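Following: one structure in structure tokens, then a few remarks.
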Amino acid sequence: MTTLELKRWFRARMVPVVAFTAVTVALSAPLVHCARARADAVRLAREEAARAGEALRSEMQVRPGLWRYGAAKLTERLAESGLSRTALVVLDGDGRRAKVDSAALPPPRWALWGRAEVREGGALLGTVYVAEDGWPLVATALELLAGFSLLGLFLGAVLLGVPLRALGEAEGRIRRLLGRLALTLQEEDRRRIARDLHDGVGQALTAARLELQALRARAGLDASEVARITARLDEALEEVRRSTAQLAPAALAELGLRRALERHCATVADASGLVVTLSWDESVPGLSAEAETACYRVVQEALANAVRHANARAVRVVLRARPGGGLLLQVEDDGTGQLPDAPVGRGLEGIRERARLLGGEACVGPAPAGGLRVEVTLP
Ligand SMILES: Nc1ncnc2c1ncn2[C@@H]1O[C@H](COP(=O)(O)OP(=O)(O)OP(=O)(O)O)[C@@H](O)[C@H]1O
Ligand SMILES: [Mg+2]
């Protein structure tokens with residue numbers, strides 16, 4: 001069976017692309033949000049630090065030496081500037097931490113700091129750091145990440161799943177078409193061989209027979225000797241005719257499957273002495289040319305096997321519709337039913353292959369009445 005591996009080929013190329021797309025979708029919105037919200041929070045912290053710096057400056061002007069010991073006063077001034085719930089750190093001009101910090105809230109865990117310097121006549125009197133709480137930003141980013149990761153996964157599944165499904169169906173269709181093509185080519189080959197056999201060996205034997213007759217008249221040969229050779233030639237001709245008919249069942253095209261099978265069963269019965277019965281149910285659906293050829297070949301092979309290997313007395317060929325639609329074909333004999341452990345010839349394998357190529361299946365096993373049953377189902 002041909003392996004196309006379209007799905008594997010597609011998966012190998014698309015998985016990295018789809019994974020990249022899904023990760024991009026999952027990360028882009030949270031990252032953009034994070035960057036913008038962080039810039040906003042830092043700007044706010046800087047503005048608040050500037051206001052706190054102003055409050056500190058006026059406190060320094062009022063109490064230049066004592067400001068650093070008046071946490072209550074500074075808190076008051078900050079409250080006046082609308083900064084009552086601010087986490088802040090104050091350093092004096094020498095970089096030492098001033099006591100006024102005790103008036104402030106403790107800085108949050110995810111702090112984003114804004115900084116402002118307090119200067120007088122160019123000299124650095126102090127520095128104020130004000131913290132903004134960064135947790136709401138982190139929390140929103142995490143929520144966005146969760147939501148967009150789900151979206152990324154869904155998108156990835158759709159991007160990969162939909163084409164894979166379509167490819168799987170296309171692969172199945174191509175495989176069936178290739179199978180039918182193989183069968184058609186096989187039949188074409190058989191027809192060519194049959195033609196060559198008929199036109200080559202057949203014509204040569206006929207010519208030899210005619211020449212023998214002419215020679216007998218001319219040379220006055222012994223009539224009984226000539227008759228013996230002629231009989232041999234007739235046998236060979238008959239053999240060629242049989243092989244030709246086997247290779248290219250003209251009957252199938254001329255008579256249709258039912259009549260062709262009836263004729264073939266009768267021929268086998270005559271030649272082998274087996275009782276061959278054909279049971280054609282009226283429910284048998286209309287079949288394609290490929291399916292008809294397959295049925296004919298399966299019956300041909302199964303009957304040949306019954307004659308050659310089964311030591312049977314009777315063979316039954318059954319064709320009927322399957323309950324779920326399609327065709328059921330059974331050939332069962334009442335012989336030994338002994339299958340070898342290891343595969344021997346090509347006949348049974350050929351039957352399985354024909355069924356598979358047409359989308360059906362074949363099963364070979366014991367028949368209820370003893371012997372062997374070959375069962376083929378076609379869609
Ligand atoms: N109806 C049957 N009854 C008993 N044994 C069978 C029957 N059909 C097949 N077999 C056994 O299964 C073997 C495989 O059959 P298969 O048709 O594949 O090969 P073959 O008939 O030996 O050779 P080929 O068909 O290639 O000419 C046979 O050799 C025979 O031993
Ligand atoms: Mg066989």
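All ligand and atom numbering here is 1-based and tracks the order in the structure. If you're wondering where the values come from, they're calculated on a predicted model, not measured in any experiment.
The shortest N or O to N or O distance between H309 and ligand 1 is below 3.5 Å.
Here the OG atom belonging to S272 is positioned 8.5 Å from the CG atom belonging to L303, to the nearest 0.5 angstrom. Once rounded to the nearest 0.5 Å, the distance linking CZ of R190 with OG1 of T293 reads 10.0 Å.
More than 12 heavy atoms of other residues, nucleotides or ligands lie within 6.0 Å of CZ in R51, so this atom counts as buried by the packing criterion. Counting heavy-atom neighbours within 6.0 Å of E238 CD, excluding the residue itself, gives a total above 12.
Counting protein heavy atoms only, atom 8 (N) of ligand 1 is closest to N305 CB, 3.3 Å. Of all protein heavy atoms, the one closest to atom 26 (O) of ligand 1 is R346 N, 2.7 Å.
In this structure, P340 is part of the shell of residues with a heavy atom less than 4.0 angstrom from ligand 1.
Between R354 and E187 there is a salt bridge, since a side-chain N of the basic residue sits under 4.0 Å from a carboxylate O of the acidic one. In summary, R297 and E301 do not engage in a salt bridge, as defined by a charged side-chain N under 4.0 Å from a carboxylate O. Here R96 pairs with D92 in a salt bridge; the nearest charged N to carboxylate O distance falls below 4.0 Å.
Less than 4.0 angstrom separates some heavy atom of L339 from each of these atoms of ligand 1: 10 (N), 11 (C), 12 (O). Those atoms of ligand 1 that come under 4.0 Å of a heavy atom in D333, given as number and element, are 1 (N), 2 (C). In the vicinity of L372, heavy-atom distances shorter than 4.0 Å reach the ligand 1 atoms 1 (N), 2 (C), 7 (C), 8 (N).
Of the listed residues (I351, L348, T336), the one carrying the non-hydrogen atom nearest atom 18 (O) of ligand 1 is L348. Heavy-atom proximity to atom 27 (O) of ligand 1, evaluated over R308, R373, Q338, E301, is greatest for R308. Counting heavy atoms only, G345 comes closest to atom 19 (O) of ligand 1 of the residues A312, G345, A310, A342.
Taking the Mg ion (ligand 2) as the corner point, the angle from N305 atom OD1 to E301 atom OE2 is about 90° (rounded to 10 degrees).
Side chains of E292 and E290 form no contact here, defined as non-hydrogen atoms less than 4.5 Å apart.
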